[in-house]
Amino acid sequence: MAEAAIILLCVLAFFVLLIVVSSVKVVQQVERGVVFRLGQVQPHFRAPGLTLIFPAVDRMTKVNMQTVAMGVPAQDGITQDNVSVRVDAVVYFRVIDPVKAIVNVQNYNWAVSQVAQTSLRSVIGQSDMQQLLSERETINVELQRIMDQATEAPWGIKVQRVEIKDVSLPEGMKRSMARQAEAERERRARIITADGEFQASKRLAAAAEVMAQDPASLQLRLLQTVVEVAAEKNSTLVMPFPVELLRFFDRAAGAGQPERAEGHRPDLAERLAKAEEDLAKADEPSSIGSADDVPPVPGLEAEAPIQHPGIESPKQPPQ
């Protein structure tokens, strides 16, 4: 009898130990425990740490509270401007109410995936191609609003962010967009070139006006151009010789004559009067025997103009 009692106590102790072990549960930091007691869900979930449940009465389901990054399969759709596109995205969501996530939906991960696909198709149909390519932030916000409205209140799942990863266009549309972009760049290049020509013409007109006030600046500019062209060793320069430069040399050469050095040049009447006076003096009788000994007339000698190659002598007005 004593041995039977010991065996019975050992069996009871084993069952008690088994019940205790099965009633002790550990909830991780990233999890929450939802307890069903006799098939009814308890309103309060179990916090992380060590918790106790009744083995035969309670059943606990652990729910992960971490943010889940779920890829949305690429969806084919037609935009509002009748362009066929293929768009894929990624959804970031997390469980905020473990009780609703377990009770109200059977598999919340699969449910969120289906909501993301249908919402993505809806947004594609309501947008045009330009919005899909350039206004992705607006489309992401709209997708998040649609999905959050469908998942937060009934399922206890918060959609934190939705991002469109890629927008695939047909090859024909890509070629058309490439031609459009090329034409746009060509238009901008022509406008910039025309604007540059217009600004250059205004600068040249202003420079010409400044040079017209001083003719010597034209000669300096010509010499500067010659220097720039002469820097190339394999170039041949044909340079016209300006008439103004020859006249400058003419005035410089005549500066050494006595009458020009004095700064007074007699006019035509004075030179004629001087010539007549010299002729009158020449008609007086003199001791000179031959005509070769007669000295030249100074007035007539000054009448002869200086000839230079390439310069026409000014015509004298009739007397």
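The analysis underlying the following values was restricted to heavy atoms, covering all of them including side chains, and did not include hydrogens, waters or symmetry mates.
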Can you confirm whether more than 12 heavy atoms, excluding those of [X], are under 6.0 Å from its [atom1] atom?
X: Tyr92; atom1: OH; value: no
X: Ile78; atom1: CD1; value: no
X: Phe45; atom1: CZ; value: no

Residues pairing under side-chain hydrogen bond (donor to acceptor under 3.5 Å, both in side chains) where one sits in residues 14-31, two or more places apart or in two chains, turn out to be none
For Val112 and Trp155, the nearest pair of non-hydrogen atoms, with its separation, is N-CZ3, 4.3 Å
Quick one: closest heavy-atom pair of Phe36 and Thr61, and the distance? CE1-OG1, 4.1 Å
In Å and rounded to the nearest 0.5 Å, what is the CD1 to CZ distance from Ile53 to Arg59? 10.0 Å
What is the distance from atom OG of Ser122 to atom CD of Glu142, rounded to the nearest 0.5 Å? 8.0 Å
Partners meeting salt bridge (Lys or Arg N to Asp or Glu O under 4.0 Å) with Asp97 (sequence neighbours left out): none
Can you list the residues that meet the salt bridge (Lys or Arg N to Asp or Glu O under 4.0 Å) rule with Asp88, with sequence neighbours excluded? none
Sorted by chain and residue number, the side-chain hydrogen bond (donor to acceptor under 3.5 Å, both in side chains) partners of Thr79 (sequence neighbours excluded) come out as Asp81
Test of understanding: with side-chain hydrogen bond (donor to acceptor under 3.5 Å, both in side chains), list the residues that count as partners of Asp58, not counting sequence neighbours. Arg37
Within one Ile-Leu-Val-Met-Phe-Trp-Tyr cluster: [X] and [Y], side-chain cutoff 4.5 Å:
X: Met65; Y: Val41; answer: yes
X: Val123; Y: Leu133; answer: yes
X: Val115; Y: Trp110; answer: no
X: Val63; Y: Met70; answer: yes
X: Met60; Y: Val34; answer: no

Could you tell me whether the side chain of Asn64 reaches within less than 4.5 Å of the side chain of Val30, counting heavy atoms only? yes
Give a yes or no on whether the backbone of [Y] and the side-chain of [X] come within a donor-acceptor separation of less than 3.5 Å.
X: Gln160; Y: Arg94; result: no
X: Thr118; Y: Gln114; result: yes
X: Asn140; Y: Ile164; result: yes
X: Ser119; Y: Ile146; result: no

Taking the basic N atoms (NZ, or NE/NH1/NH2) and the acidic carboxylate oxygens, is any pair closer than 4.0 Å for Arg185 and Glu182? no
Look at Arg161 together with Glu163 and state whether they make a salt bridge at an N to O cut-off of under 4.0 Å. yes
Among Val27, Val24, Val35, which one satisfies side-chain contact (heavy atoms from CB on, under 4.5 Å) with Thr51? Val27
Side-chain atoms of residues 165-181: list all donor-acceptor pairs with protein atoms under 3.5 Å, sequence neighbours left out, distances to 0.1 Å.
from   : atom 1 : to     : atom 2 : distance (Å)
Ser176 : OG     : Gly172 : O      : 3.0
Ser176 : OG     : Arg179 : NH2    : 3.4

Please lay out, stage by stage, how Ser127 and Gln80 fare under the test side chain to side chain donor-acceptor pair (under 3.5 Å). CA-CA 5 Å; Ser127 306; Gln80 195 173 9; over 6 Å; no
